Amino acid sequence: QVDLVESGGGLVQAGGSLRLSCATSGRTFSGYVMGWFRQAPGKEREFVAADRWSGGGTIYADSVKGRFTISRDNAKNTVYLQMNSLKPEDTAVYYCAARPGGFVSSVAALYNYWGQGTQVTVSS
């Protein structure tokens with residue numbers, strides 16, 4: 001079984017920071033592409049950030065570039081999304097996703113495995 005479990009969401013004031021975690025299990029994810037997506041109420045799921053587990057191919061949505069950083073800890077089998085300078089429009093359920101290789105992509109349909117999401121709410 002492949003599991004991706006997000007944590008770290010919560011309520012934060014505009015301008016604040018949160019770090020989301022995606023704990024992985026069931027596979028060795030070396031060679032995988034890991035991504036973060038988000039979905040706000042009434043809106044389509046949108047791309048946030050992605051990279052290869054091995055690094056070197058990071059891409060970000062324009063809306064978060066310069067504020068968010070994707071990273072990973074190999075020893076903990078965990079992918080992170082550091083979110084700084086949060087805005088109310090960042091409010092959404094954030095999802096971790098993975099695909100077994102291929103191009104680093106912003107297209108949600110290309111990812112095979114998904115977590116259940118963690119809620120991020122940014123107040124003004």
Side-chain angles (χ1 to χ4, degrees):
Q1 181 178 344
V2 174
D3 280 324
L4 303 174
V5 181
E6 303 94 337
S7 63
L11 176 64
V12 64
Q13 293 183 348
S17 298
L18 286 173
R19 188 180 72 167
L20 305 184
S21 298
C22 174
T24 70
S25 63
R27 297 276 179 85
T28 297
F29 284 84
S30 59
Y32 274 60
V33 175
M34 309 298 298
W36 286 96
F37 295 79
R38 67 187 183 186
Q39 188 165 23
K43 300 190 70 175
E44 296 180 356
R45 185 167 297 186
E46 67 174 347
F47 169 75
V48 176
D51 196 10
R52 299 187 181 279
W53 186 273
S54 57
T58 310
I59 58 173
Y60 294 96
D62 289 342
S63 59
V64 307
K65 192 172 184 178
R67 300 188 297 122
F68 291 11
T69 303
I70 186 172
S71 62
R72 66 257 166 242
D73 186 324
N74 291 334
K76 296 181 178 179
N77 298 313
T78 299
V79 178
Y80 301 100
L81 184 70
Q82 179 67 47
M83 306 186 295
N84 298 327
S85 302
L86 283 162
K87 306 173 181 179
E89 50 263 46
D90 294 318
T91 295
V93 176
Y94 283 71
Y95 297 90
C96 177
R99 61 182 298 216
F103 293 105
V104 179
S105 177
S106 63
V107 179
L110 295 179
Y111 289 78
N112 303 82
Y113 308 107
W114 293 82
Q116 292 183 314
T118 185
Q119 176 71 49
V120 172
T121 303
V122 184
S123 65
S124 59

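Bear in mind that the values here come from a model prediction, so they are computed numbers and not experimental data.
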Can you confirm whether [X] sits close enough to [Y] that some side-chain heavy atom of one is under 4.5 Å from a side-chain heavy atom of the other?
{"X": "Ser17", "Y": "Asn84", "result": "yes"}
{"X": "Arg38", "Y": "Asp90", "result": "yes"}
{"X": "Tyr60", "Y": "Ile70", "result": "yes"}
{"X": "Val79", "Y": "Trp36", "result": "yes"}
{"X": "Leu86", "Y": "Phe68", "result": "yes"}
{"X": "Met83", "Y": "Leu20", "result": "yes"}
{"X": "Glu6", "Y": "Tyr94", "result": "no"}

Can you give me the closest heavy-atom contact between [X] and [Y], atom names plus distance?
{"X": "Ala23", "Y": "Thr78", "answer": "CA-OG1, 4.1 Å"}
{"X": "Arg72", "Y": "Tyr80", "answer": "CA-CD1, 4.2 Å"}
{"X": "Phe29", "Y": "Ala98", "answer": "CE2-CB, 4.0 Å"}
{"X": "Val120", "Y": "Leu18", "answer": "CG1-CD1, 3.9 Å"}
{"X": "Val33", "Y": "Gly101", "answer": "CG2-O, 3.9 Å"}
{"X": "Ala40", "Y": "Ala92", "answer": "N-CB, 3.8 Å"}

Next on the checklist: Taking side chain to side chain donor-acceptor pair (under 3.5 Å) as the criterion, tell me which of Asn77, Asn74, Thr28 meets it with Trp53.
Outcome noted: Asn74
Checklist entry - So if you build clusters from Ile, Leu, Val, Met, Phe, Trp, Tyr with side-chain heavy-atom gaps below 4.5 Å, do Val93 and Val48 land together? => result no
Next on the checklist: Check for me, please, whether Met34 and Leu81 land in the same ILVMFWY cluster - side-chain distances under 4.5 Å, paths through other members count.
Outcome noted: yes
Checklist entry - For Gln13, does the CD atom sit with more than 12 other heavy atoms under 6.0 Å from it, leaving out its own atoms? => result no
Checklist entry - In terms of heavy-atom contacts, does CD of Gln116 have more than 12 from other residues, nucleotides or ligands at under 6.0 Å? => result no
Can you tell me how far the [atom1] atom of [X] sits from the [atom2] atom of [Y], to the nearest 0.5 Å?
{"X": "Lys76", "Y": "Thr24", "atom1": "NZ", "atom2": "OG1", "value": "13.0 Å"}
{"X": "Tyr111", "Y": "Ser106", "atom1": "OH", "atom2": "OG", "value": "7.5 Å"}
{"X": "Gln119", "Y": "Thr91", "atom1": "CD", "atom2": "OG1", "value": "7.5 Å"}

Checklist entry - Under the side chain to side chain contact (heavy atoms under 4.5 Å, CB included) criterion, do Arg99 and Ser105 qualify, and how do the steps go? => result CA-CA 10 Å; Arg99 61 182 298 216; Ser105 177; 3.9 Å; yes
Next on the checklist: Tell me whether the rings of Phe47 and Phe37 are parallel (<30°), tilted (30 to 60°) or perpendicular (>60°).
Outcome noted: perpendicular
Checklist entry - Quick one: does NZ or CZ of Arg27 land under 6.0 Å from the six-membered ring centre of Tyr32, within 45 degrees of the ring axis? => result no
Checklist entry - Between the main-chain N or O of Gly57 and the side-chain N or O of Arg52, is there a donor-acceptor pair closer than 3.5 Å? => result no
